[in-house]
Amino acid sequence: MIEVRRFLNSDPPKLAEIWNSQPLGAHLAQPMTVGSLETYVFAKPYFRPETFLVAVEPDGAVAGMAHVALSRDLSPDATPSGDAFLSMLLVAGHANYDATSDALLDQAEALARESGAAQLITGGAPPLGPFYFGLAGGSHNLGVPSTFEILRSRLVERSYDTIGEYWAMRANIRGFRPSVSRDMMQIRRAYSVEANFNPPPLDWLQSCIYMHFERSQFDLIPKLKSAVAATATFIDLPHYSQLWGVHAAALVSVETLEDGDEAKSSYLLGEALRQLSETGVGRIETQVDKNDLGGYSMLRTLGFDEVYQSIRMAKSL
């Protein structure tokens, strides 16, 4: 009989062991250490031990873990959305996957229901999940990667529905040079791109998510005005850099503040990739909504290729 209990301070070594026992793939950055879990997960201001569930076998062996984030903990100054997020679910290789994952999901759903949440969502709300950025899910921890089929199948059997589908796309940018065209030259004459490697603080939640990572912001600014026309944000991925053997960063957002066209965003990203390449960044990963055909086309033009799919799933409680 699998017992599910709340997190204890003595658990991290066993949790790191389970993390490192998972197959290599897009889902998890490995190797994981107790120090990284402490720094990047348990030290978050909104981490609550009672929402981190640990499955234990009758002989006391730790068999798995499930981490639930409640929206009430993520919005201290705003009205909670009523959603809860299943940020992580892992089962040890020695354990029965179906029995352990069912026991963890039963408790995770009960915890979310008791908190008043209307639904339990895998990962988080775009652009990023509240936990495990830079540790799981590649550039975004938004759902279940296609490389983690065993969990995806388990969620389908438990009546979770698909609420979003994304392409994970990567580009190797060593020596990157943006394309040259008449449109790009016209934008170049009217706009400049300014890099800010120490950008201003973000709101509370995003600051908590990014707090341990280097952030770069690139602004597209009209030469005749000072107002920013578009902004692109990149975050370093040190754990994936170690896994991939190349300095990697995530493209986490592109915001266009002027009416306009994708040509300006494309020009901004091209210049940003060129400048990042010159600082030693060798790989960029991002995720784009499958319904965002314009964004997908722009990324393909800049040399990004699809590497896997990610699916956000949710269950009404």
Side-chain angles (χ1 to χ4, degrees), residues 2 4 22-23 25-28 46 51-53 55 64-75 78-91 96-133 135-169 205 209 252-253 285-296 306-317:
I2 299 290
V4 177
Q22 304 299 309
H27 181 50
L28 302 175
Y46 44 75
T51 64
F52 195 107
L53 307 171
M65 65 184 205
H67 188 181
V68 179
L70 304 176
S71 60
R72 69 185 183 196
D73 296 329
L74 307 175
S75 304
T79 304
S81 66
D83 294 331
F85 303 101
L86 181 64
S87 299
M88 182 60 61
L89 190 149
L90 294 178
V91 175
N96 180 305
Y97 190 92
D98 289 353
T100 306
S101 59
D102 273 346
L104 287 166
L105 285 168
D106 285 345
Q107 291 298 313
E109 291 164 10
L111 178 65
R113 194 178 298 113
E114 288 167 6
S115 77
Q119 59 180 348
L120 182 61
I121 302 171
T122 59
L128 298 170
F131 286 100
Y132 303 99
F133 171 75
L135 304 181
S139 61
H140 298 63
N141 184 30
L142 280 182
V144 183
S146 54
T147 52
F148 206 19
E149 181 60 33
I150 189 169
L151 175 58
R152 184 172 160 184
S153 298
R154 202 79 209 124
L155 293 172
V156 169
E157 288 181 14
R158 293 181 63 96
S159 302
Y160 281 74
D161 297 320
T162 296
I163 59 171
E165 296 184 76
Y166 304 85
W167 282 116
M169 305 184 73
L205 179 58
I209 293 173
V252 295
S253 68
E285 181 174 302
T286 191
Q287 294 191 20
V288 60
D289 192 311
K290 279 193 170 183
N291 293 320
D292 184 3
L293 299 181
Y296 172 83
E306 308 100 326
V307 284
Y308 61 91
Q309 300 175 53
S310 185
I311 299 177
R312 287 183 83 217
M313 305 179 78
K315 181 176 182 178
S316 298
L317 300 173

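Quantities reported herein were computed from a predicted structural model and do not represent experimental measurements.
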Can you name the nearest heavy-atom pair linking [X] to [Y], along with the distance?
{"X": "Gly137", "Y": "Tyr308", "result": "O-OH, 3.5 Å"}
{"X": "Pro130", "Y": "Gly123", "result": "CD-O, 3.9 Å"}
{"X": "Leu104", "Y": "Gly64", "result": "CD1-C, 3.9 Å"}
{"X": "Ile2", "Y": "Ala55", "result": "CG2-CB, 3.8 Å"}
{"X": "Ala168", "Y": "Gln287", "result": "CA-CG, 3.9 Å"}
{"X": "Leu53", "Y": "Ala108", "result": "CD1-N, 3.5 Å"}

Check whether any side-chain heavy atom of [X] sits under 4.5 Å from a side-chain heavy atom of [Y], and report yes or no.
{"X": "Val4", "Y": "Asp106", "value": "no"}
{"X": "Met88", "Y": "Leu28", "value": "yes"}
{"X": "Lys315", "Y": "Leu155", "value": "no"}
{"X": "Leu70", "Y": "Tyr46", "value": "no"}
{"X": "Thr51", "Y": "His67", "value": "yes"}
{"X": "Leu86", "Y": "Glu109", "value": "no"}
{"X": "Tyr160", "Y": "Val144", "value": "no"}
{"X": "Leu151", "Y": "Tyr97", "value": "yes"}

Between [atom1] on residue [X] and [atom2] on residue [Y], distance to nearest 0.5 Å:
{"X": "Leu89", "Y": "Arg154", "atom1": "CG", "atom2": "CZ", "result": "10.5 Å"}
{"X": "Asp83", "Y": "Leu317", "atom1": "CG", "atom2": "CG", "result": "9.5 Å"}
{"X": "Thr286", "Y": "Met169", "atom1": "OG1", "atom2": "CE", "result": "9.0 Å"}
{"X": "Phe131", "Y": "Ile209", "atom1": "CZ", "atom2": "CD1", "result": "9.5 Å"}
{"X": "Ile121", "Y": "Ser71", "atom1": "CD1", "atom2": "OG", "result": "9.0 Å"}
{"X": "Gln309", "Y": "Lys290", "atom1": "CD", "atom2": "NZ", "result": "3.0 Å"}

Judged by atom type as modelled, is there a donor-acceptor pair below 3.5 Å linking the side chain of Ser115 to the main-chain atoms of Ala112?
yes
Is the backbone of Trp167 close enough, under 3.5 Å, to the side chain of Glu306 for a donor and an acceptor to pair up by distance?
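Side chain of Glu306 to backbone of Trp167: no pair is present.
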Under 6.0 Å between ring centres, would you say that holds for Tyr166 and His140?
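Aromatic pair excluded; centres sit 6.0 Å or further apart.
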